Amino acid sequence: MKNLYIAEKPSVAREFAKALKINGGSKDGYIESEDSIVTWCVGHLVTMSYPEEYDSALKKWSIETLPFLPETFKYQVIDGVSKQFNIVKGLLNREDVECIYVCTDSGREGEYIYRLVDQMAKVPDSKAKRRVWIDSQTEEEILRGIKEAKDIHEYDNLSASAYLRAKEDYLMGINFSRILTLKYSYTVKNYLGKDKCVISVGRVMTCVLGMIVKREREIRQFVKTPFYRVIGNAVLADGTFEAEWKAVEGTKYFNSPLLYKENGFKEEKDAKNLIEELNGSYENMQASIGNGAKSDDKTAGVGSSEDGKPLVLVEKVEKKKESKNPPLLYNLAELQNDCSRLFKISPDETLKVVQELYEKKMVTYPRTDARVLSTAVSKEIYKNISGLKNIPSMKGYAEHILQSGSYKGIAKTRYVNDKQITDHYAIIPTGQGLNAFGSLHETAKKVYEVIVRRFLSIFYPPAVYQKLALTLNRNGEKLFANFKVLAEQGYLLLTVYSFGKQKEEEEKYSKDMLEAAMQLKKGMKLTVNDFDIKEGETSPPKRYSSGTLILAMENAGQLIEDEELRAQIKGSGIGTSATRAEIIKKLVNNKYLDLNKKTQIIVPTQMGEMIHDVVASSISSLLNPELTASWEKGLSYVAEGSITEEEYMKKLEGFIQKRTDAVKGLNNQYQLRSYFDHTAQFYKKPARGKRAKGKQTGQ
């Protein structure tokens, strides 16, 4: 009797065969030895059937046949891979196959790929089936996964979640795309001068489109507000530093309607008046307050220096050291964001690269949401570090960590937390597969180096900043200055990448200036060379880049750029780490979004905005990130066993039935044209006889 190992791809199957020392002959679609067989899928072999497979009448799109909600779902083998399916089917059902080891990717999608094959091949339940769950493709991890493989039924909830996710996307896509196309495509295609138009919508895709359109419209509606800040250039050592005026409690302008914010005026003339007051005497300042009010500060009249320049009194000196810890490890979203920012590559490209690194055994499983390690892995982490000594640029860092023993206490830090891991831990280098490093293309080398540096940095101490805050007093008004200088580099040693420095915060003043400032004491006086006005203006919201969009999807529509804050958010995201890049790619391919490949900035196209308005006027809940995230959360509840497949399906069908019926009763095409007209003004008009390209002006 033989064991059969089924992987998701041929390349992965070869790694399993190598680890298991299966040196048998290579057949057409599998490898076989005396006691083992290794075969593979080629991604998906089976898919859900189109509605016409249920009833030929459903091939024609008709409002009367919607919603389409089958009681039993049909599946079929994908035409282009039927040969491999038949090979796999034959192997799974061979009488001499005693145990099937399921080695597809360790995640929801990998589970779904095998379960569909098992279902279509009608593999009897009498055969033993064991699930192999691994975090990398190193030989040790493969052998561990096989040794610890569990009965496949322990993953039935995950399988149910996978089936439901597919049914959800299928039912929403078919029903909502058909009903909106039937109802509104004529209006859209006529407006754009197109021959045809299919309105493509989906549970995640449409929500992401809504996020982009909403942001673009916020930018258009934004009105810049100028404001005027007052800065004092105070003399210290051999230079000057800036002290910013603020209207704090107890001063003349506190809560004044003249202010934009506490540190700026709405009108330049008011800033100029303040400068005159600051340059004048204490008595004149008090007189200008009027109504007999006096400043409580009797030391405020500090006069002028010998050369007639104003003096300020040092009222408060606050000194402290601030530690900044290394960031958490990479999950896929964080890595995609950094690669978009640093290398200007799309999330889809990043996923392809890191998948390649995974298949070359160089990094752990990429489609993960976790940013921490498991306790079990932390106990063996020195192996990962040791392997990195074979990379010349990383050798010194790895040796330092091993010699110092800093890795030994990692299990007690925030970088190890079993509760924050569902399927897989963070993306880290395995320390293996480095013989493939030289053959990597330049982008892959850069992505790998980013992963390695993030990983090694957690074994380094925090960066330490020396901070100093000064409060200065001039005629009862307060000016504030802050100094921040890097005192101990710590983990920041590892942020100086070979492809250019990833800058931390710019140091505004030198260490000499900080040392001079550290000598200041309360009651001292400083000369101010002059007071300046710095004009500023409020900034509009930023457009999403491909990377920041991934982060916003991970955080249910919120763009949380602060890494520490993101780490605290425990909400559900929109889509999953495995699907987000593909969603963005699909929206670009549908010409609903435009992605600038050089900058990775994303904007809507004219058609994208029109589709948004169609959805907003018909099934607006599809644009709601919180609702979309709640569907994703529901799938995770099914995977956990908190709710049943039947409960989820009942809610899903009710949602589709209600929304589809509501669209049937709408008669809002005329109103939509007014929305289209409003949007059209922001796009270039097509030349006569040509169709609109949907390219945004000013981009």
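Keep in mind that what you see is a predicted model, and the values were worked out from it rather than measured.
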*Look only at the side chain of S439 and the backbone of A436, and say whether a donor-acceptor pair between them is shorter than 3.5 Å.*
yes
*Please, which pairs that meet salt bridge (Lys or Arg N to Asp or Glu O under 4.0 Å) have at least one residue in residues 582-593, sequence neighbours excluded?*
D348-K585
_By side-chain contact (heavy atoms from CB on, under 4.5 Å) - contacts of Q355 (at least two apart)_ = K9, D105, Y358, E359, P366, R367
_I'd like to know if the side chain of S618 and the backbone of L180 have a donor-acceptor N/O pair within less than 3.5 Å._
no
*Residues forming a side-chain contact (heavy atoms from CB on, under 4.5 Å) with S340, sequence neighbours excluded*: S545, S546, Q600
*With D55, which residues qualify under side-chain hydrogen bond (donor to acceptor under 3.5 Å, both in side chains), at least two apart?*
none
*Determine yes or no for a side-chain-to-main-chain donor-acceptor pair under 3.5 angstrom, with R371 supplying the side chain and L329 the backbone.*
yes
*asked:* Please check: side-chain N/O of T368 versus main-chain N/O of Y425, any donor-acceptor pairing under 3.5 Å?
replied: yes
_Can you tell me how the ring of Y163 sits relative to the ring of Y75, calling it parallel under 30°, perpendicular over 60° and tilted otherwise?_
perpendicular
*Determine, for Y54 and K74, whether the Lys NZ or Arg CZ falls below 6.0 Å from the six-membered ring centre while staying within 45 degrees of the axis.*
yes
*How close do Y112 and A162 get, heavy atom to heavy atom, and via which atoms?*
CB-CB, 3.6 Å
*Using modelled atom types only, decide if a donor and an acceptor are shared between the side chain of Y184 and the backbone of L672 within a distance under 3.5 Å.*
no
*Those residues that, when tested against Y155, pass ring pair (Phe, Tyr, Trp, His ring centres under 6.0 Å) (two or more places apart)*: W133
*So, does Q221 use its side chain to make a donor-acceptor pair with the main chain of E218 at under 3.5 Å?*
no
*Go through K650 and E647 one step at a time and tell me if the salt bridge (Lys or Arg N to Asp or Glu O under 4.0 Å) criterion holds.*
CA-CA 5 Å; K650 185 178 179 181; E647 287 174 307; over 6 Å; no
*What pair of heavy atoms forms the shortest contact from C41 to I6, and how long is it?*
SG-CD1, 3.9 Å
*R659 side chain to I619 main-chain N or O, any donor-acceptor pair under 3.5 Å?*
no
_Check: Y544 main-chain N/O paired with T548 side-chain donor or acceptor under 3.5 Å_ = no
_Side-chain donor or acceptor of S161 paired with backbone N/O of N157 under 3.5 Å_ = no
Could you give the side-chain donor-acceptor pairs of residues 63-71 under 3.5 Å, partners two or more places apart or in another chain?
unit_1	atom_1	unit_2	atom_2	d
E64	OE1	S62	OG	2.7
T65	OG1	S62	O	2.9

*Hey, is the main chain of T225 close enough, under 3.5 Å, to the side chain of T538 for a donor-acceptor pair?*
yes
*Lys/Arg cation over aromatic F682: R220, 6.0 Å, 45° cone*: yes
